[in-house]
Amino acid sequence: MALYSQPPMSYTQEPTTAPVEHRFNPYSDNGGSILAIAGKDFSVIAGDTRQSEGYSIQTRYARKVWQLNDKAVLATNGFAADGTNFVKRVKQRLEWYEHAHHKPMGLKSIARMIQTMLYGKRFFPYYVYNILGGIEEDGTGAVYSFDPVGSYEREACRGAGAAQSLIQPFLDNQIYFKNQQPEAGSEKFVPGNLPLSTVLSLVVDSFTSATERHIEVGDGLEIYVVMQKGRSADDLLDEKKLAPGLKVEELGALGEGEGERTFLVRQSLKRD
Amino acid sequence: MELNGGSVVAMIGKDCVAIASDLRLGNQAVGVASNFDKVFPVNDKLYYGLPGLATDVYTLKEHLRFRVNMYRMKEEREITPKTFTHLVSSTLYEKRFGPFFIEPVVAGLPTATELDPHPKPFISTMDTIGCITTPKDFAVAGTAQDKLYGVAEGLWEPDLEPEDLFETISQTLLNAVDRDALSGWGAVVHIITHKEVITRTLRARMD
C-alpha cells in the first residue's frame with residue numbers, strides 16, 4: 001500500500017529539463033588529399049592512403065584513386081563511404097554502357113555522366129570532391145575536376161582535399177607557370193607539356209610537402225599513370241631514370257584493351 | 001586576422017635572410033588600400049613583420065619603436081634579433097587576456113661578437129600571445145598562412161645566395177597570395193645581407 005501512501009505529484013510541480021535533441025549526422029570528413037596533372041600524351045592521378053576521422057587514424061592504407069577503364073582513373077576525396085559507393089555506381093554505369101554500345105565510354109562522356117550522377121543527388125549530395133584523369137579520344141592527357149554537386153571543368157592540373165590549400169598554389173607556380181616569365185628570346189610557357197619525369201617529381205614533392213605540414217596527409221602515396229596508345233613507357237620503367245623509393249607496376253588491360261596503358265607507382269610517406 | 005587580411009613570410013639563406021609581405025589593407029572582402037606595409041625595420045640588420053589587425057599593427061609598431069629606443073639608450077648598442085624576439089614576445093604576453101590580434105615574424109642577421117664570432121641568420125615567429133618558434137628554414141603568418149606553408153615547403157632549399165633567396169621568397173609569396181582573397185594587391189621584399197638591405201616592390205596581380 002506504500003504506493004498510495006503519498007499523494008500523487010501534480011504535473012505542474014514536476015522538475016523539468018530542456019528536451020535533448022538526438023540527430024543522426026550522415027556525413028563525416030576522412031581527410032587526405034588527391035591531385036592530378038595532365039601531360040601531352042599521359043595523365044597522372046595521385047592520392048595519399050591515410051584515412052582519418054578527427055585526430056584518429058582509421059587506417060594507413062585506404063584507396064582513394066580507382067582505375068575505371070583502360071583510359072580513365074577517378075580520384076575521390078572527402079567522405080570515404082560516399083567515395084567508395086560513388087565509384088561503385090560509376091563502374092556499374094560504365095559496365096552497362098559497354099553492354100549497350102560494345103565499346104568503353106570515352107573520358108569526356110564519363111565526365112559528363114559524373115556530373116549528372118552528382119547533380120542527381122543535389123539535395124542529399126555525395127560529400128566527395130572528384131578528380132577524373134585519363135586519355136581523351138584524341139589521345140591527349142586530360143584532367144576533369146568536380147565539386148560535390150557536379151560543377152566540373154577540364155584543366156591541366158588540380159589538387160583537392162585536406163591539403164588543397166597547400167598543394168594548389170604550388171601547382172599554379174610549377175604547372176601553370178604563374179608569376180613566372182620566360183627569358184627574353186626563349187619560348188613561351190605552355191601548361192600541360194611537361195615530361196613525365198618532371199610531373200612525377202612534382203607530384204612526389206607536393207605530397208611530401210603536404211605530409212610535412214598537414215596532419216591528415218601521409219602514410220603512403222599511390223600515383224596512377226595513364227599513357228596514350230603507342231607511347232613508349234621507357235621513361236617510367238627504366239629504374240635508373242626513376243627517383244629512388246618509387247615502385248612501378250603495370251596494371252593489365254581491363255576487357256578488350258585498345259592500347260592505352262595504366263601504371264601504378266607507389267611510394268611511402270611519413271607516418272607521423 | 002580576417003578583418004583586414006595580409007600575410008608575411010621570412011626565409012633563411014646563406015649569410016642572409018629575407019622577409020616579405022603583401023600590401024593589401026581590406027575591410028573584410030572589400031579592398032581599401034594597396035600600400036599598407038606590414039614589414040618594418042628595427043635597424044639595418046633586423047626587420048619584422050606584423051600581419052593581423054591593422055589598428056594593432058600601428059599600436060604595436062609604435063610601442064616596439066619606443067621600447068627599442070629605450071633599449072638603445074640604456075644599453076648603448078643595437079638590439080639583437082634574439083633579444084628583440086623576446087621583447088616582442090613579452091609585449092604580447094602582457095596582453096595575455098586581451099591580446100593584440102597579430103602574429104609577428106622577425107628576421108635578422110646578428111652581428112659578430114667576441115662570444116659568437118660566426119652567428120647564424122635568425123628568423124622567428126610568434127602566436128598572438130607571444131609563444132615563440134625559431135625555425136631554421138622559413139616562417140609564415142597571416143591569412144595566406146597555409147598556402148605559404150605549401151609553396152615554401154616545395155620551393156625552399158638550404159644555403160640560398162641572396163639573389164636566389166629573393167627569387168624563392170618572391171615566388172612563394174606571390175603564388176600563395178594569388179590563392180588568398182584577403183592577401184595580395186602588391187608585395188614588398190627585403191633581403192638582408194651583411195653588406196646591405198635590398199628592398200624591392202613586386203609587380204603582382206591586383207585582383
Side-chain angles (χ1 to χ4, degrees), chain A residues 29 31-35 37 46 48 77 145 155-183 189 191 194 198-218 221 243 267 269-270 272, chain B residues 1-2 5 7 9 11 20-23 125 133 135-158 163-164 166-189 200-207:
Chain A
D29 181 359
S33 256
I34 51 170
L35 143 68
I37 301 172
D48 70 325
N77 195 244
S145 68
E155 295 173 293
C157 75
R158 170 62 62 184
Q164 183 188 39
S165 59
L166 286 79
I167 293 171
Q168 194 61 49
F170 179 65
L171 259 31
D172 289 344
N173 187 221
Q174 299 294 315
I175 304 291
Y176 287 115
F177 307 107
K178 289 280 167 69
N179 295 112
Q180 286 192 273
Q181 43 203 123
E183 271 183 290
F189 294 136
L194 289 172
T198 312
V199 169
L200 278 181
S201 310
L202 288 171
V203 171
V204 171
D205 281 2
S206 298
F207 274 95
T208 42
S209 296
T211 303
E212 199 68 42
R213 296 288 178 177
H214 201 111
I215 55 167
E216 291 175 3
V217 181
L221 174 57
Q267 205 220 31
L269 293 170
K270 282 171 75 178
D272 57 358
Chain B
M1 315 290 159
E2 284 79 29
S7 299
V9 54
M11 284 180 176
S21 82
D22 69 326
L23 291 173
T125 181
T133 33
K136 41 188 185 303
D137 40 17
F138 49 82
V140 300
T143 51
Q145 191 177 49
D146 47 354
K147 287 121 185 161
L148 285 164
Y149 268 132
V151 192
E153 199 68 58
L155 297 184
W156 186 87
E157 45 190 290
E163 275 308 314
D164 297 331
F166 166 74
E167 200 59 35
T168 308
I169 198 170
S170 303
Q171 289 294 326
T172 302
L173 183 70
L174 288 176
N175 289 289
V177 300
D178 284 354
R179 281 278 174 185
D180 184 21
L182 301 180
S183 299
W185 264 25
V188 63
V189 182
R200 295 192 181 117
T201 310
L202 304 178
R203 266 194 72 178
R205 288 181 70 108
M206 298 305 271
D207 57 0

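These numbers come from the heavy atoms of this one structure, side chains and all, not from hydrogens, waters or symmetry mates. Proteins come first, then strands; the chains are lettered A, B, ... in the order of their sequence lines, and each starts at number 1. Everything numeric here is computed off the predicted structure, so don't read it as measured data.
- By the ring pair (Phe, Tyr, Trp, His ring centres under 6.0 Å) test, A:Tyr176 is found to be paired with no residue, residues two or more places apart in sequence or in another chain being considered.
- Listed by sequence position, A:Ser165, A:Leu166, A:Gln168, A:Pro169, A:Phe170, A:Asp172, A:Asn173, A:Gln174 are the residues of residues 161-175 of chain A in contact with chain B, using a 4.5 angstrom heavy-atom cutoff.
- Partners of B:Ala152 according to the side-chain contact (heavy atoms from CB on, under 4.5 Å) rule, which considers only residues two or more places apart in sequence or in another chain, are B:Met11, B:Phe138, B:Thr172.
- Nearest heavy atoms, A:Lys178 versus B:Gln171: O-OE1, 3.9 Å.
- Ranked by heavy-atom pairs under 4.5 Å with chain A, the first of B:Val151, B:Leu202, B:Asn175 is B:Asn175.
- Residues meeting the side-chain contact (heavy atoms from CB on, under 4.5 Å) test with B:Ser183, sequence neighbours left out: B:Ser7, B:Asp22, B:Thr143, B:Ala144, B:Val177, B:Asp180.
- Only the side chain of B:Asp178 comes within less than 4.5 Å of a heavy atom of chain A; its backbone N, CA, C and O stay farther away.
- We find the CG-CZ distance between A:Asn179 and B:Arg205 to be 8.5 Å, quoted to the nearest 0.5 Å.
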